[in-house]
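In what follows, chains are A, B, ... by sequence order, proteins preceding strands, each numbered from 1.
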Amino acid sequence: MSWDAKDVALLKQLWADGQSAGQIASRLGYSRNAVSAKLKRLGHKRGHKPPTTSPKIVAVPTRRPALAAACGRPVDKVVSKPKQVPTPTKEFTKRELYAMLADAVRNTG
DNA sequence: CCCTGATTCGC
DNA sequence: GCGAATCAGG
């Protein structure tokens, strides 16, 4: 068990999204304890759980390729377009993060 | 009884 | 730092 960047990223995202530790833990594949503990180490502040997400404990290894690709290293399939592709693949804006997050999340069903 | 998060405890 | 066990509340 080692929290990879994507793990923590997804964790944070899901957590910020309003997902409960149990949900996040389930999708991530860890126990809610691990998630809570990890969050604690990360530096989470209590008093935060307005959206009580439905306890749909449907653990599914939703490993979205898009997410993995995004988190990993994107490709540069530039064939005949030497044009300097504006790929500031440095960080993800909230929208981008939320986009892939929502996609991965909703796809869970 | 189920769930929630938070903290403690051993490795 | 990691996770399980445990605690405290709803």
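Whole-Å rounding puts the A/Q19 CD to B/dC3 P distance at 16 Å. Whole-Å rounding puts the A/K40 NZ to B/dC9 P distance at 12 Å. The nearest whole Å value for the distance from the CZ atom in A/R41 to the C1' atom in B/dT7 is 10 Å. As rounded to whole Å, 16 Å separates atom C1' of B/dT7 from atom CG of A/L42.
Put simply, CG on A/L39 and CH2 on A/W15 are 5.5 Å apart, with the number rounded to the nearest 0.5 Å. Atoms CD and CD, on A/Q13 and A/Q19 in that order, are 11.0 Å from each other to the nearest 0.5 Å.
Each of A/N33, A/L28, A/V8 was checked for a side chain to side chain contact (heavy atoms under 4.5 Å, CB included) with A/K38, and the lone residue meeting it is A/V8.
Partners of A/A25 according to the side-chain contact (heavy atoms from CB on, under 4.5 Å) rule, which considers only residues two or more places apart in sequence or in another chain, are A/R32, A/V35.
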>> Between A/Q23 and A/L14, is the side chain to side chain contact (heavy atoms under 4.5 Å, CB included) condition met? List the steps.
In response: CA-CA 9 Å; A/Q23 293 292 272; A/L14 289 163; over 6 Å; no
>> Please determine whether side chain to side chain contact (heavy atoms under 4.5 Å, CB included) holds for the pair A/I24 and A/Y30, giving the CA-CA distance in whole Å, both sets of side-chain angles, and the decisive distance to 0.1 Å.
In response: CA-CA 8 Å; A/I24 305 170; A/Y30 307 124; over 6 Å; no
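Residue A/S31 is in sugar-phosphate contact alone, with no base atom involved, counting any heavy-atom pair closer than 4.0 Å across all strands shown.
Scanning DNA chain C 5' to 3' for nucleotides with an atom closer than 4.0 angstrom to a non-hydrogen atom of chain A gives a first and last hit of C/dC2 to C/dT6.
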